[in-house]
Amino acid sequence: MLDKLKTIEQRYQEVEARLADPATYADPALAARLNKEQRDLAPLMETYRALEKAREDMAQAELLFSDPDLGEMAREEFSAAKASLPGLEEKLKLLLLPKDPNDSKNVIVEIRAGVGGEEAALFAGDLYRMYSMYAESRRWSVEVDSVSETELGGLKEICFTIQGEGAYSRLKFESGVHRVQRVPETESGGRVHTSTATVAVLPEMEDVDVRIDPADVEMPVFRSSGAGGQHINKTSSAVRLIHRPTGMVVECQQERSQFQNREKAMRLLASRLYEQERERVEGAYAADRKSQVGTGMRNERVRTYNFPQGRLTDHRVGLTLYKLDAVMNGDLDEIIDALVTADQAARLEEETK
């Protein structure tokens, strides 16, 4: 670990030196990359330097143990520095874990009604509202890319983009089957029903991140459906992309211009193709992975929302909260923090094998 830290420290000093050189700013793209690299490395270097200082303080204090005037103070300083070591070492181990290159990206979230008919569609709508309110609490923006509604106001499916720094790092563990237990609005007998909705969270990819041959993409246009006034019914601005090699189909109909819809649809296609390849590569060992967080696959039941008891249970980390109303209003940080911590612990365990 020490050799790795020395290499990182050397790189950090190189970046600082280049950023101090006015000539670097002649290339704005280079300056932006270096600034981002410096920001990414700064927490690790601060922790490493704090650890080194604590060790130096211990060594200096130890030299004064026999001093009749300063010995008692030196022992106190030695004890304080020694007590800080375990926390700094643990923090450093976490910071040295390989970073997910997609953590800083925006996310594309797809929610689909599962088992349960109209109640499942209503629950899908509740999940969309929950994530929208969470995004609002973090000052992220939400843009709907495509939506299919039911007559009672539920959602058969919805695809939306959340834009904000670190959005993927916070939401990537939301993928999977979400189960709800409650009395449906359509139920006259007061019986509790169980329904599901699936959530998929994809890092937003540009088509330059994932190479897509234009010759492989067919683009029929069609008229947008749903509410939207005269314009949405009279123009063929909605875009459907068909990726011939995989048969993958994506749609976007929320923007007024065909160009904007095509641009969004291409990003969505790139993200889905990236995710498909990621799942193919990781699928070989996903079943054996010991992480408590699980694989994040769409067919994995991840969470139960029990409305009669006001209870939420995340099955991957065994977390149960009795504040379901707050969660449905976007209070997700306690759940997400637990998932992130469990993932870090699992990766630390794998690193030490």
Side-chain angles (χ1 to χ4, degrees), residues 1 4-5 8 39-44 47-48 86-111 127 130-131 134-135 137-138 140 162 164-179 198-205 271 274-305 312-321 323 327 330-353:
M1 185 172 77
K4 187 176 183 179
L5 284 168
I8 293 173
R39 288 196 305 271
D40 291 343
L41 291 176
L44 192 153
T47 305
Y48 175 50
L88 290 170
E89 288 171 349
E90 188 66 21
K91 185 177 180 181
L92 198 58
K93 288 177 184 177
L94 291 175
L95 289 169
L96 281 170
L97 286 173
K99 298 290 188 297
D100 185 334
N102 297 316
D103 274 353
S104 62
K105 290 184 179 290
N106 301 327
V107 295
I108 294 173
V109 183
E110 299 174 330
I111 302 174
L127 290 178
M130 179 183 77
Y131 291 126
Y134 180 66
S137 73
R138 298 187 74 89
W140 296 338
I162 297 180
E165 181 64 30
Y168 184 72
S169 70
R170 298 295 291 171
L171 293 173
K172 61 185 177 181
F173 298 120
E174 292 300 301
S175 291
V177 176
H178 293 240
R179 181 175 69 172
T198 61
V199 175
V201 178
L202 317 175
E204 184 185 40
M205 294 289 174
S271 297
Y274 170 85
E275 188 69 6
Q276 183 183 70
E277 178 62 14
R278 185 190 69 82
E279 289 183 2
R280 185 189 69 79
V281 172
E282 294 186 355
Y285 67 83
D288 298 325
R289 188 180 177 205
K290 293 183 179 180
S291 170
Q292 291 174 296
V293 176
T295 63
M297 299 297 185
R298 297 186 204 185
N299 61 352
E300 180 181 13
R301 190 188 69 182
V302 296
R303 196 174 295 155
T304 295
Y305 304 73
L312 176 140
T313 300
D314 194 289
H315 304 289
R316 297 161 294 180
V317 290
L319 175 67
T320 296
L321 301 175
K323 56 172 192 177
V327 169
D331 186 3
L332 293 172
D333 276 329
E334 187 173 355
I335 305 166
I336 290 173
D337 288 343
L339 292 165
V340 169
T341 300
D343 179 64
Q344 290 175 338
R347 289 194 291 136
L348 272 176
E349 184 180 345
E350 290 176 0
E351 284 284 312
T352 56
K353 287 180 181 177

Before giving the answer on side chain to side chain contact (heavy atoms under 4.5 Å, CB included), spell out for Val199 and Tyr131 the whole-Å C-alpha distance, their side-chain angles and the decisive distance to 0.1 Å. CA-CA 11 Å; Val199 175; Tyr131 291 126; 4.2 Å; yes
Begin from the C-alpha positions of Val109 and Glu174 and carry the test side chain to side chain contact (heavy atoms under 4.5 Å, CB included) through to its verdict. CA-CA 9 Å; Val109 183; Glu174 292 300 301; over 6 Å; no
Could you go through the side chain to side chain contact (heavy atoms under 4.5 Å, CB included) check for Arg170 and Leu332 one step at a time? CA-CA 10 Å; Arg170 298 295 291 171; Leu332 293 172; over 6 Å; no
Show your reasoning for whether side chain to side chain contact (heavy atoms under 4.5 Å, CB included) applies to Asp103 and Lys172. CA-CA 8 Å; Asp103 274 353; Lys172 61 185 177 181; 2.9 Å; yes
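The shortest non-hydrogen separation linking Val302 to Gly176 is CG1-CA, 4.0 Å. Minimum heavy-atom separation, Ile8 to Leu41: CG2-CD2, 3.9 Å. Taking all atoms of both residues into account, the shortest heavy-atom contact from Pro203 to Asn102 is CB-CB, 3.8 Å. Residues Gln344 and Leu97 share a closest heavy-atom pair of O-CD1, 3.9 Å.
Of the possible polar contacts, none joining the Arg138 side chain to the Ala167 backbone as a donor-acceptor pair under 3.5 Å is found. Although no hydrogens or angles enter the test, the distance criterion places a donor-acceptor pair under 3.5 Å between the side chain of Ser271 and the main chain of Met205. Without hydrogens or angle criteria, Arg316 side chain to Phe173 main chain gives a donor-acceptor distance under 3.5 Å.
From Glu90, atom CD reaches atom CG of Leu92 across 10.0 Å, with rounding to the nearest 0.5 Å. For the atom pair CZ of Arg303 and CZ of Arg179, the computed distance is 13.0 Å after rounding to the nearest 0.5 Å. Taking CG of Asp331 as the reference point, atom OH of Tyr134 lies at 9.5 Å (rounded to 0.5 Å).
At a threshold of 4.5 Å between non-hydrogen side-chain atoms, the residues Leu96 and Leu5 count as touching. A 4.5 Å side-chain heavy-atom check between Leu171 and Trp140 finds at least one atom pair inside the cut-off.
Side chain to side chain, Tyr168 and Asp100 fail the donor-acceptor criterion of an N or O pair below 3.5 Å.
Applying the side chain to side chain contact (heavy atoms under 4.5 Å, CB included) test between Leu312 and each of Thr304, Leu319, Val327 identifies Val327 as the sole match.
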